[in-house]
Protein chains: 2
Amino acid sequence: MEDTRSAQLGKVTLQRLALELGLSTATVSLALRDSPVVAEITRLRVQEAARDRGYVANRSAAALRTARTNIVGVGLHDIVNPSFTELLAAIEDALSAAGKTVLLGVSQEDVARQTRTLGTLAEYRPDAFIVSPAAHTRVEDLKALAATGIAVVQVTREIEGSGFDFAGSDDRAGVALGVTHLVELGHRRIGMIGGFSAISTGRKRLAGYQAGLKAAGIPFDPALVMEGPGHREEGRRAMMRLLALEEPPTAAVSFNDLSAFGALMGLQAAGLTAGRDFSLVGYDDIAEAALWHPSLTTVHTFIPEYGRAAAQLALARMADLSRPVERVELPPRLVVRDTTSAPVPVKRRPL
Amino acid sequence: MEDTRSAQLGKVTLQRLALELGLSTATVSLALRDSPVVAEITRLRVQEAARDRGYVANRSAAALRTARTNIVGVGLHDIVNPSFTELLAAIEDALSAAGKTVLLGVSQEDVARQTRTLGTLAEYRPDAFIVSPAAHTRVEDLKALAATGIAVVQVTREIEGSGFDFAGSDDRAGVALGVTHLVELGHRRIGMIGGFSAISTGRKRLAGYQAGLKAAGIPFDPALVMEGPGHREEGRRAMMRLLALEEPPTAAVSFNDLSAFGALMGLQAAGLTAGRDFSLVGYDDIAEAALWHPSLTTVHTFIPEYGRAAAQLALARMADLSRPVERVELPPRLVVRDTTSAPVPVKRRPL
DNA sequence: CCTGCGTTCTAAATCGTTTAGCATGTGACA
DNA sequence: TGTCACATGCTAAACGATTTAGAACGCAGG
């Protein structure tokens, strides 16, 4: 009934509404947005008519006129990794509470795809971008986005020297926490699993690993660092390689929980028990970490918090493009569970 | 440099480009879109100029003119639940391959919020909606979206009688598979954990449970059905309640993997071992299922596949609004792991 | 009767693109 | 020379909203 009528009469636009009400489009537009210059009674009349006729504003038209879209482009390199899912959920939640809508782009850790995706998003003229840049992204790639006067905020990862706002966790301090914990348990030979130098988080977490060692007076041994993208499978292989070393470590920290899970599988495959034969510390504390068996000692990074922070930074910058650059770097917290313990002298149970 | 220049001269629009090239906007517009009516040489000249000047098309303007946005509104009730994350990733992937961009809305299983969110998305005039409706969504709520001539596709869940395309898994058959598996192992008293009748998947999975029992000649006992939203915590509580029954079941199927994980925790808390003292079948087979200890026997539902199917349905319907309604219902497959086994006579080890 | 003022509404320009229809130039051909 | 076809490019009118300057009106005060 309703649909048939509106289909017959064509789409209901603001002009149409104005015509039917015997008002000008100016008045209708103002009335719909609760402007004080239109009389109370007219306002109510207009809003009622809009509701009755099922009027839906056309943001393309509004955006064209106002150069504002209320869209925020969110570009992540991955959304299946639980830590990024949590991030996306937090960002979406904070933005939608502020009346913004998320236009989503996923780069799959591929700069070319990221360029294409963000380029497409840019055509929609988002008021802001929130980006976790793919590995190998250059400063210019990000600058290109901001060229049109769009606010750009980096989240989780950052491109050093880009000069954009950033929200994430203090990765250096975080991984150092994990190393210190292992040292306190008595470990001296500690490996690092996953992470690579093409992304800021990789560099910072490696730096945290080194800082932790240094604080304990333990020399850094590059042979104990297994670079990798932070997948489960890569974590498993890294653990195998660590165990195959001439002088294998008795413990390791990892780039993220996913590679730690892989490492746990590697331990299991080698007939070793985490938290007894080998100590392992994860990073991020995603929900799954507490559920493993044994449950994963890891570093909690407050992902929803910095997701919300990123949203706030974006809102602040789109309100004032020239405000000083801001960095929000939340301090992580160590969560001790069952995969860490004092090292066993040397003997290893064969099964 | 580049930014300063373009900032000085104002935004670079198609008109500006035309002016600088001494061409009409029509020609420039056509040239940029590789129309055959503009001469090869002009086309190249225009495209080069566009590249040099950093021209970024304004989709709001184009959308206004063409009534096409290349946006697809994706409304999910949750994105943190891994099965919906996988779904979102698959949908995004398929759509972006087709040149569409995802405008995201999350309803948090709340109809009011869903109405608000989808209403906002509608203002952007997406070419299509892909929706997994929140519980208690009524047919009219969805119809309202389609009123403006927008393609609507339901994914995972559906509102019966809405008459929209649908892509999901054959939930009835899926849960029946699980029940049959348990029956074949020798179980006769089988519970159902999670799911509720406010959503189609809840109803279908319950129906599958009943169908499985019926096929085995086992009478349906409502006392063995623990309704709930499909969270971990709810699964845990449901398991506690099942175990506290006068005549507790020896096995259970569950609404989804998350509630099965909760149930596993419940078993552990009760000092029971899944796959020995109690058999449990999950639903969905998310990545985490294989990693539990013991690993979860569950029903694999091909989420990325039907996510892609939903995207294809949306593309097809936006190309032809009047095509016949299509339903894609993928048959699930049982994955037997370690949480199921033949029932133990009655004796239970106290710890 | 004129002036001034506040309230409420209108006319018209504008945002950047697409597209139907028209204009122009060129060469072929009769 | 005139006609026609074709290739190419232009003109101008949309699309649906927002916004600014100002019109119309009623009313009070002198």
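The chains referred to below are lettered A, B, ... by the order of the sequence lines, with proteins before strands, and numbering in each begins at 1.
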Name the nucleic acid region contacted by B:Thr66, choosing base, sugar-phosphate or nothing; use a 4.0 angstrom heavy-atom cut-off, strictly under.
-> sugar-phosphate

Please state how far atom CG in B:Leu23 lies from atom P in D:dT11, giving the value in whole angstrom units.
-> 11 Å

For A:Ser132 and A:Gln154, does a side-chain donor sit closer than 3.5 Å to a side-chain acceptor?
-> no

Atom-pair distance (CG on B:Leu30; P on D:dT8), nearest Å | 13 Å

d(CG, B:Leu19; P, C:dG16) in whole Å | 13 Å

Just to confirm, is there a sub-4.0 Å distance from OP1 or OP2 of D:dG9 to any side-chain nitrogen or oxygen of B:Ser24?
-> no

Among the nucleotides C:dG16, D:dG9, C:dC9, whichever has the atom closest to the side chain of A:Val38 is C:dC9

Have B:Asn70 and A:Glu123 got a donor and an acceptor in their side chains that come within less than 3.5 Å?
-> no

Please identify each residue that fulfils side chain to side chain contact (heavy atoms under 4.5 Å, CB included) with A:Val328, with sequence neighbours left out.
-> A:Ala167, A:Ala309, A:Leu313, A:Glu326, A:Leu330

Between atom NZ in B:Lys11 and atom C1' in C:dT17, what is the gap in whole Å?
-> 13 Å

Protein-nucleotides 12-14 of chain C N/O pairs under 3.5 Å:
residue, atom, partner, partner atom, Å
C:dT14, O2, A:Arg65, NH1, 3.2

Would you indicate which nucleotide in C:dG16, D:dG9, D:dA17 comes nearest to any side-chain atom of A:Gln15?
-> D:dA17

With sequence neighbours excluded, what pairs up with B:Tyr55 under the ring pair (Phe, Tyr, Trp, His ring centres under 6.0 Å) test?
-> none

Considering just the side-chain nitrogens and oxygens of B:Arg33, establish if one lies under 4.0 Å of OP1 or OP2 belonging to C:dT19.
-> yes

Is any side-chain nitrogen or oxygen of A:Ser29 closer than 4.0 Å to OP1 or OP2 of D:dT18?
-> yes

Answer with yes or no whether the side chains of A:Arg157 and A:Thr137 bring together a donor and an acceptor at under 3.5 Å.
-> no

Nearest-angstrom distance from the residue atom OH of A:Tyr55 to P of D:dA17 = 4 Å

Would you kindly say whether B:Ser200 and B:Glu160 are connected by a side-chain donor-acceptor distance under 3.5 Å?
-> no

Verify the distance criterion only: is there a donor paired with an acceptor across the side chains of A:Thr117 and A:Thr120 at less than 3.5 Å?
-> no

Let me know the distance between CZ of A:Arg59 and C1' of D:dG16, rounded to the nearest Å.
-> 14 Å

Nearest whole angstrom, please: distance from the P of C:dT19 to the CG of B:Leu14.
-> 12 Å

Have a look at B:Thr42 and say if it touches a base, only the backbone sugar-phosphate, or nothing, with a 4.0 Å heavy-atom cut-off.
-> sugar-phosphate

Let me know the distance between CG of A:Leu32 and P of D:dT19, rounded to the nearest Å.
-> 13 Å

Residue mapping more 5' on DNA chain D - nearest nucleotide basis, B:Arg43 or B:Leu64 | B:Arg43

